[in-house]
Amino acid sequence: MGEARTGHEVHQEHEKLVRALADQHARTVAQDRGEGVPDEAFDVLMEHAQTLMAYEKQMPAFLAEPERVRSQKVIFWSWRVQSAVAIALIFVLHLLGYSHGWYFLVVPHLVATFCGWPLEATVKNHLARRSASIVLHAMGVVLVLVVLSPWFIVALLIGWAVIGTAVSDGQGAGK
């Protein structure tokens with residue numbers, strides 16, 4: 001996408017292109033002497049119109065870019081922090097001498113968070129992926145609670161189902 005611009009800057013650029021088209025239209029009308037407009041003037045007018053139309057097609061992406069960049073940061077750090085939480089939990093379980101049975105929950109959490117590392121935020125999917133990444137932190141808390149009390153296993157399974165669905169939504173649309 002390039003450099004993220006503010007909505008105000010995007011709208012200013014749009015206004016500049018509209019003014020350029022209007023100015024060129026006024027010059028073209030002034031050149032009309034009853035026999036039509038010279039080809040060169042008409043070509044310049046059409047070039048301004050095409051530039052404006054191309055910019056208007058890109059405007060939604062330009063306006064969404066700051067939020068997409070913010071989402072990308074949330075996604076990037078959420079999955080890495082949760083990987084660190086899982087590693088720390090494995091280390092703590094080992095140090096405390098807990099049963100190796102808890103690894104069947106912690107290791108899949110670790111593997112799943114590693115799988116989230118390459119996720120990218122596109123204009124179309126960034127909000128769903130950002131939401132899933134935020135819910136991931138709640139899943140980290142639930143994982144710790146599961147280790148302390150087995151009754152939280154149901155919450156853990158439901159949470160991963162929600163995250164998996166949110167991350168996969170729009171995955172094909174972003175490519």
Side-chain angles (χ1 to χ4, degrees), residues 1-25 44-91 105-147 152-175:
M1 277 284 134
E3 186 178 319
R5 297 182 284 174
T6 66
H8 181 70
E9 292 169 336
V10 170
H11 287 292
Q12 280 183 325
E13 180 68 20
H14 181 257
E15 288 175 19
K16 179 179 149 190
L17 291 171
V18 169
R19 278 193 305 272
L21 177 62
D23 292 345
Q24 183 59 40
H25 180 262
V44 172
L45 179 64
M46 288 298 104
E47 186 178 309
H48 281 284
Q50 289 172 345
T51 302
L52 176 62
M53 288 187 309
Y55 189 80
E56 286 177 342
K57 284 182 183 177
Q58 294 175 329
M59 273 184 75
F62 291 152
L63 291 170
E65 184 62 11
E67 280 297 313
R68 189 205 66 79
V69 169
R70 187 173 301 119
S71 292
Q72 182 62 41
K73 290 176 185 175
V74 169
I75 292 165
F76 180 87
W77 286 110
S78 292
W79 291 87
R80 283 154 180 81
V81 165
Q82 284 306 306
S83 293
V85 166
I87 290 170
L89 195 53
I90 289 171
F91 186 66
L105 289 175
V106 180
V107 171
H109 181 81
L110 177 63
V111 171
T113 58
F114 280 150
C115 291
W117 281 31
L119 289 176
E120 293 289 327
T122 65
V123 172
K124 293 182 181 180
N125 72 8
H126 76 96
L127 291 175
R129 288 199 173 167
R130 180 170 62 183
S131 297
S133 297
I134 291 169
V135 171
L136 182 64
H137 292 294
M139 289 302 301
V141 170
V142 171
L143 181 65
V144 172
L145 293 174
V146 164
V147 171
F152 285 98
I153 291 174
V154 174
L156 183 73
L157 295 174
I158 291 170
W160 269 112
V162 169
I163 290 171
T165 303
V167 167
S168 67
D169 281 351
Q171 190 166 0
K175 293 184 179 182

### Message
Using side-chain heavy atoms (C-beta onward) and a distance below 4.5 Å, is Val81 in contact with His137?
### Response
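Yes, side chains in contact.
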
### Message
What's the separation between atom OG1 in Thr113 and atom CG in Leu143, rounded to the nearest 0.5 Å?
### Response
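It comes to 9.5 Å.
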
### Task
Side-chain contact test, heavy atoms from C-beta onward, threshold under 4.5 Å: evaluate it for Leu45 versus Leu21 and give yes or no.
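When only atoms from C-beta onward are counted, Leu21 and Leu45 do touch, with a gap below 4.5 Å.
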
### Query
Just wondering, do His109 and Gln82 contact through their side chains at under 4.5 Å, heavy atoms?
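Answer yes - side chains close enough.
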
### Query
Which distance, rounded to the nearest 0.5 Å, do you find between the CG of Leu52 and the NZ of Lys16?
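The CG atom of Leu52 sits 12.5 Å away from the NZ atom of Lys16.
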
### Query
So, for His11 and Leu63, which heavy atoms are closest and what is the spacing to 0.1 Å?
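Minimum heavy-atom separation between His11 and Leu63: NE2-CD2, 3.9 Å.
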
### Rounded distance [0.5 Å steps], CG in Asp23 versus CZ in Arg19
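That separation rounds to 8.5 Å.
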
### Atom pair OG (Ser131) and CG (Asn125), whose distance is rounded to the nearest 0.5 Å
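Rounded to the nearest 0.5 Å, the OG-CG separation comes to 11.0 Å.
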
#### Entry: Nearest heavy atoms of His48 and Ala20, plus distance in Å
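Where His48 meets Ala20 most closely, the heavy atoms are ND1-CB, 3.9 Å.
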
### Exceeds 12 heavy-atom contacts within 6.0 angstrom, atom NE2 of His25
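Check fails, neighbour count at 12 or below.
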
### Query
How long is the span from the CH2 atom in Trp160 to the CG atom in Leu105, to the nearest 0.5 Å?
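Between atom CH2 of Trp160 and atom CG of Leu105 there are 12.0 Å.
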
### Heavy-atom closest pair, residues Pro60 and Lys57
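Smallest interatomic distance, heavy atoms only, reads CD-O, 3.5 Å.
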
#### Entry: Side-chain touch Val106/Leu110, heavy atoms, less than 4.5 angstrom
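In short, these two side chains do not touch, never coming nearer than 4.5 Å.
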
#### Entry: Candidate pair Glu56 and His14, rule side chain to side chain donor-acceptor pair (under 3.5 Å), full reasoning
CA-CA 8 Å; Glu56 286 177 342; His14 181 257; 2.7 Å; yes

### Query
Just checking, is any N or O donor in the side chain of His8 or Gln12 under 3.5 Å from an acceptor N or O on the other one?
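The criterion, which ignores hydrogens and geometry beyond distance, is satisfied for Gln12 and His8.
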
### Query
Of all heavy-atom pairs between Ile163 and Leu136, which one has the smallest distance, and what is that distance?
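Of all heavy-atom pairs spanning Ile163 and Leu136, the closest is CD1-CA, 3.6 Å.
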
#### Entry: Distance, nearest 0.5 Å, that separates OG of Ser71 from CD of Glu65
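One finds 10.0 Å between OG of Ser71 and CD of Glu65.
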
#### Entry: Heavy-atom closest contact (Trp79 atom, Ala112 atom, distance)
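Heavy atoms only, the tightest pair is CZ3-O, 3.5 Å.
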
### Query
Do you know which two heavy atoms are closest between Gln72 and Leu119, and how far apart they sit?
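Of all heavy-atom pairs spanning Gln72 and Leu119, the closest is NE2-O, 3.6 Å.
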
### Query
Would you say the side chain of Arg70 lies within less than 4.5 Å of the side chain of Arg130, judging by non-hydrogen atoms?
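With C-beta onward as the side chain, the pair touches.
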
